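Here is the naming used below: chain letters follow the sequence lines, and residue numbers restart at 1 for every chain. Quantities reported herein were computed from a predicted structural model and do not represent experimental measurements.
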Amino acid sequence: MSWLSHIFGEKKATASVAKERLQLIIARERVGLSGPDFLPDLQKDLVAVISKYVKINPEDIKVGLEKQGNFEVIEVNIVLPEMR
Amino acid sequence: MATIITITSGKGGVGKTTTSASIASGLAMRGFKTAVIDFDVGLRNLDLIMGCERRVVYDFVNVIQGDANLHQALIKDKNCDNLFVLPASQTRDKDALTEEGVEKILKELEHQGFDYIVCDSPAGIEHGAVMALTFADEAIVVTNPEVSSVRDSDRILGIIQSKSRRAIEGREPVKEHLLVTRYSPKRAHEGEMLTYTDIQELLRIPLLGVIPESEAVLHASNQGVPAIHQKDTPVADAYLDAIGRFLGETHPLRFVDHEKPGLLKRLFGGK
């Protein structure tokens, strides 16, 4: 049917693809430029604060950055030692 | 107080110099004493776009290095009485632009009673581009409806937010404006091109205007007359509207909607 689309001048609507790709790459680059630099320090500080009250392993605190819609979310996961 | 406006984009060839020439001319036409400075050391072009290339004697770097004074280097525009052009050096290397030197010249221009100083940034994110945005009060980010231009605009916005004096000193941030250039309403309408609302949504800064793709821009640069002087062309009207919005006026967007050509127009052509 390519001759039909040729006659009627059907064009490819690729702008939506461009927009989607840009949304992803821009979000990632914004985080890359301004975000995770402070995450290791944040993790260290959290370990220090929490250690004042509970004895924990530094590896049991996980800090990560996530994107949910238009928001960036810092996710902090703290695993407390098993109570015996 | 002089207001320093930086015209920037990251990517090259999107219309920074065309926009600098038209914005500076537009402000001068509104009666403001305006200077427009070419920061593209080694690749000067603003002089050609403004049509004053044969009157360049001294340049920006000459003034910074004390070989000439500002008065000798400023070229009076041929179309507007209160507009002056400070050309870039064609021969020196870009490191000749020192931060102290640039600051000194901007202060001196302010001292001479200039209302607006328009800084035409070079492409890229290196020294020259950073110097052009360091002292900005406002920034006009020129963006084409095309992926690489949008991404680079986002990068340059990040640099404005981290390297400008206003950012470093923790003052009120640089006021950012989006100017979409080379826009084709027809192609955007048909889903072939990012729409101006797409771009605004991606970059999240206020829209100053949309300049349509037009032959008038090439005619203007061929003749060395800023596009804003191409009377009654959509490009000139779009720049005039943008100037109005910059000064706080409200103007509805024009030349952004695609009108289907009528049968007669389709049969007989015409523009």
Side-chain angles (χ1 to χ4, degrees), chain A residues 1-50 52 58 61-78, chain B residues 9-11 14 125 129-130 133 141 143-164 167-168 170 173 176 178 180 182-205 210 213 256-258 260-261 266:
Chain A
M1 289 305 234
S2 66
W3 59 275
L4 257 184
S5 59
H6 191 75
I7 288 175
F8 292 108
E10 181 193 305
K11 285 173 180 164
K12 281 188 187 152
T14 48
S16 54
V17 181
K19 191 179 178 188
E20 267 173 50
R21 291 173 60 216
L22 280 167
Q23 275 168 334
L24 285 173
I25 193 69
I26 286 178
R28 199 159 82 201
E29 285 177 343
R30 277 185 192 159
V31 170
L33 293 174
S34 64
D37 285 7
F38 66 85
L39 289 183
D41 287 340
L42 177 64
Q43 182 173 10
K44 259 186 240 161
D45 289 353
L46 284 172
V47 171
V49 171
I50 293 165
K52 273 165 79 178
I61 295 194
K62 292 210 164 48
V63 181
L65 204 62
E66 251 186 49
K67 214 177 136 55
Q68 293 181 358
N70 280 332
F71 297 97
E72 275 167 7
V73 177
I74 293 180
E75 194 179 49
V76 179
N77 231 312
I78 306 168
Chain B
S9 69
K11 191 176 184 302
V14 297
I125 53 173
V130 174
L133 63 77
V141 178
T143 309
N144 288 171
E146 183 270 324
V147 285
S148 49
S149 175
V150 175
R151 179 201 219 172
D152 291 358
S153 292
D154 195 66
R155 286 295 305 276
I156 210 78
L157 284 166
I159 293 171
I160 292 169
Q161 288 153 16
S162 62
K163 294 199 175 165
S164 62
I168 290 168
E176 299 156 342
L178 172 64
V180 177
R182 309 199 66 169
Y183 192 70
S184 165
K186 180 170 182 283
R187 301 191 76 187
H189 176 77
E190 287 167 356
E192 279 184 70
M193 182 184 263
L194 290 165
T195 65
Y196 65 92
T197 46
D198 287 339
I199 300 170
Q200 198 189 0
E201 213 178 289
L202 287 159
L203 296 177
R204 300 184 210 159
I205 58 173
V210 178
E213 169 84 61
V256 292
D257 295 319
H258 174 55
K260 278 209 159 157
R266 269 192 284 169

Nearest heavy atoms of [X] and [Y], plus distance in Å:
X        : Y        : result
A:Ala18  : B:Val147 : CB-CG1, 3.6 Å
B:Asp198 : A:Lys19  : OD1-NZ, 3.1 Å
A:Gln23  : B:Leu202 : CG-CD2, 3.4 Å

Interchain contact, B:Gln161 with chain A, by part (heavy-atom threshold 4.5 Å):
neither
Can you confirm whether A:Leu22 sits close enough to B:Ile199 that some side-chain heavy atom of one is under 4.5 Å from a side-chain heavy atom of the other?
no
